[in-house]
Amino acid sequence: MTEVGIDAVEIWTGKLKLDLPGTFAPEKGDDPEKYTKGLGLNNSSFPDVYEDIVTMGANAAKGLMDRKGLEPADIGRIDVATESAFDHSKPVSTYIAGCLEQVYDGDFTHANKGERKFACLAGTQAIDDAYNWIRAGRNRDRPAIVITTDTALYARGDPGEATQGAGAVAMLIDEDPSIVALSTDQGYGSKDETDFLKPNQQFPSVDGKRSVQVYLSRMREALEDYESVTDDIELDDFAYAPFHTPFPGMVRKAALLAYRHVIRDTEHEDALADEIGRQPREGNFVDREAYEEAIREYMDKLKTTEQYQTWYDTVVEPTLGLSREVGNWYTSSVHIARVSALRDALARDRSFVGDTLLVASYGSGAQAEIHSETVREGWRAEIEGLDIDDQLAERYDLTWEEYEDVHDVHEYDMDVEREIEEFTQPESEFVFTGWGRMNERKYEYVE
């Protein structure tokens, strides 16, 4: 059976940045380490005044098509995953296709287009859709483009404000992929939750503590479900474990939970027994509350052990590199975690073909999905072709006052009384130009 997976990837970050320890922390009167060590973030990315989810997604898709030498006739499907959509009917994929048709010969009239929504999980679901479409033989030998694009803004003063970010990832899903092949094995954890939602509003309503609990609970359920179809998981099975990363501090919690679960009743737990004891077993406690307290105490000890820290530093920490510099990209967050892992392997010159990634996606509302991906022969050339380092280095560094202006520009209900000039000069990219006769957004390509 021919493998299907990610054949190519392209990233587009918002062209502005906010320095969290240097600009955000002093304005808030906070210790900079609240952000760098607590949240695990250095900078947030933002869109310039002429950028939005369409321009970022279209620019990422164009970069992907140019690098792979593709034309519209070559593409059979365009799916966009976002939780920042500005239209309740017209999908973002149609806007992006319209942008691309400005610069390529031919059009996408033959291509199936859609928009996926399940908070941050939607990008992974869109990949699943493309995978199934190809596996079903309905693609007519054409690949799919999956685009994840979001501007993750929070209301001013919201606890989530420091985690903001903006950017897009475009991925080519095809047979005989160059980067990773997707496994048919998946695990899910899903439940109706109100931890994070946007009921007819741009900024999220978030129950912070509840959101962390829900994230961890769904991840645990997905891991257990994944194990039910793959038998036991061994620590050495996976070279990297990219997690959904709203901020790196959240991943530290999820990774510790996953590690405890995987080592249970293994030689790894045995090796730690003299140092921190064995994991609590629920049957040894009179009630659930006492058991959960014992688990918390065990995990506090576990995270300080050399065994755990070595695993975390090798398998999880390298997946956080990009997130630390751009903040939360919602639907893109797990996909930049994957790229961060591959970039780490490239930097270390790892012999990597055939190795496996354990990918853990999550979306509030709430659902987690865990699946594995096998690294393919062409991964190195594809990752070497990314220019994300240049993009990060070229971002405009906002002052606090400029950040306030940019936030106002991208707030849908904000009536900005004065014109805010762009901070960067667009070049060879799509830009937002205003509104049309039916209040639709309009775009042009700037040479």
Side-chain angles (χ1 to χ4, degrees), residues 11-49 51 56 83-84 120 150-169 196 202-204 206 208-209 211-212 215 242-255 316-337 339-340 343 388-411 420 423-424:
I11 299 176
W12 187 277
T13 183
K15 298 175 77 172
L16 312 177
K17 77 170 184 178
L18 179 63
D19 181 332
L20 293 174
T23 302
F24 192 85
E27 187 66 30
K28 297 292 185 179
D30 290 330
D31 183 339
E33 290 190 352
K34 173 180 178 180
Y35 305 103
T36 56
K37 291 189 176 181
L39 295 178
L41 296 170
N42 300 320
N43 298 292
S44 296
S45 63
F46 290 89
D48 208 333
V49 298
E51 294 187 289
M56 293 186 296
E83 58 177 280
S84 309
C120 303
D150 275 296
T151 296
L153 284 187
Y154 287 75
R156 298 292 308 284
D158 187 280
E161 188 179 7
T163 69
Q164 295 171 131
V169 178
F196 175 112
Q202 179 185 7
F203 300 141
V206 186
K209 290 184 178 180
S211 184
V212 173
Y215 174 88
F243 283 80
H244 166 58
T245 311
F247 56 90
M250 181 82 92
V251 173
R252 289 196 294 265
K253 297 177 184 293
V316 179
E317 176 63 28
T319 71
L320 306 177
L322 289 174
S323 293
R324 294 189 188 282
E325 303 306 323
V326 301
N328 189 0
W329 282 13
Y330 284 162
T331 54
S332 295
S333 75
V334 73
H335 306 296
I336 60 174
V339 170
S340 293
R343 280 161 50 90
I388 185 60
D389 287 323
D390 292 338
Q391 290 186 49
L392 294 177
E394 293 168 3
R395 288 179 299 176
Y396 179 89
D397 194 357
L398 295 164
T399 66
W400 179 257
E401 291 74 19
E402 290 169 338
Y403 159 67
E404 292 182 308
D405 287 342
V406 167
H407 194 285
D408 289 348
V409 166
H410 291 289
E411 185 173 344
I420 307 299
F423 297 91
T424 61

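For Val334 against Pro242, the heavy-atom pair with the smallest separation is CG2-O, 3.9 Å. Summarising the geometry of Gly167 relative to Ser332, their closest heavy-atom pair is O-OG, 4.1 Å, with the distance given to 0.1 Å. For the pair Phe243 and Ala255, the tightest heavy-atom approach, listed with the atom from each and the gap, is CZ-CA, 4.0 Å. The shortest non-hydrogen separation linking Ala166 to Ser45 is O-OG, 2.8 Å. The two residues Val326 and Arg395 have their closest heavy-atom pair at CG1-NH1, 4.0 Å.
Applying the side chain to side chain contact (heavy atoms under 4.5 Å, CB included) test to Ser84 and every residue at least two apart in sequence or in another chain returns Ile53, Thr82, Asp150, Tyr330. Looking at residues two or more places apart in sequence or on another chain, you find no side chain to side chain contact (heavy atoms under 4.5 Å, CB included) involving Pro26. When the side chain to side chain contact (heavy atoms under 4.5 Å, CB included) test is applied to Ser340, the partners found at least two apart in sequence or on another chain are Leu322. Asp405 is linked by a salt bridge (Lys or Arg N to Asp or Glu O under 4.0 Å) to Arg418, counting only residues two or more places apart in sequence or in another chain. Scanning for side chain to side chain contact (heavy atoms under 4.5 Å, CB included) contacts around Asp389 gives Arg343, with sequence neighbours left out.
Aromatic ring orientation, Trp400 versus Tyr403: tilted (interplanar angle from 30° to 60°).
Side-chain contact between Glu325 and Ser323 is absent, with no heavy atoms from C-beta onward closer than 4.5 Å.
The closest donor-acceptor contact from the side chain of Glu83 to the backbone of Thr331 lies at 3.5 Å or more, if one exists at all. Checked by atom type and distance alone, the side chain of His410 never pairs as donor or acceptor with a backbone atom of Thr151 at under 3.5 Å. A distance-only check finds no donor-acceptor pair linking the side chain of Thr245 to the backbone of Pro248 [under 3.5 Å]. Looking only at distances, no side-chain donor or acceptor of Glu51 sits under 3.5 Å from a matching main-chain atom of Gly14. A distance-only check finds a donor-acceptor pair linking the side chain of Glu402 to the backbone of Thr399 [under 3.5 Å]. Thr23 contributes no side-chain N or O that, together with a main-chain N or O of Leu20, makes up a donor-acceptor pair within less than 3.5 Å.
Salt-bridge formation is detected for the pair Arg324/Glu317: a Lys NZ or Arg NE/NH1/NH2 atom is positioned less than 4.0 Å from an Asp or Glu carboxylate oxygen.
Shown here is Lys28, whose NZ atom has more than 12 heavy atoms of other residues, nucleotides or ligands within 6.0 Å.
Rounded to the nearest 0.5 Å, atoms CG (Asn42) and CG (Leu392) are 11.0 Å apart. How far OG of Ser44 is from CZ of Phe247: 12.5 Å, rounded to the nearest 0.5 Å. Here Trp12 contributes atom CH2 and Ile388 contributes atom CD1; the two are 10.0 Å apart, rounded to the nearest 0.5 Å. Taking CG from Leu41 and OG1 from Thr36, the interatomic distance works out to 9.0 Å, rounded to the nearest 0.5 Å.
Of the residues Asn328, Val251, Val169, the one that meets the side-chain contact (heavy atoms from CB on, under 4.5 Å) test with Ser333 is Asn328. None of Leu16, Asn43, Asp19 except one satisfies the side-chain contact (heavy atoms from CB on, under 4.5 Å) rule with Leu398; the exception is Leu16.
No hydrogens or angles considered: nothing links the side chains of Tyr396 and Asp48 as a donor-acceptor pair under 3.5 Å. Donor-acceptor pairing under 3.5 Å is lacking for the side chains of Gln164 and Trp329.
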Show the numbers, then the answer: is there a side-chain contact (heavy atoms from CB on, under 4.5 Å) between Phe423 and Lys15?
CA-CA 9 Å; Phe423 297 91; Lys15 298 175 77 172; over 6 Å; no
Below 3.5 Å, can you tabulate the donor-acceptor pairs from side chains in residues 153-160 to any protein atom, sequence neighbours excluded?
{"unit_1": "Arg156", "atom_1": "NE", "unit_2": "Glu161", "atom_2": "OE2", "d": "3.0"}
{"unit_1": "Arg156", "atom_1": "NH2", "unit_2": "Glu404", "atom_2": "OE2", "d": "3.2"}
{"unit_1": "Asp158", "atom_1": "OD1", "unit_2": "Gly160", "atom_2": "N", "d": "2.7"}

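Two rings, from His407 and Phe203, have their centers less than 6.0 Å apart.
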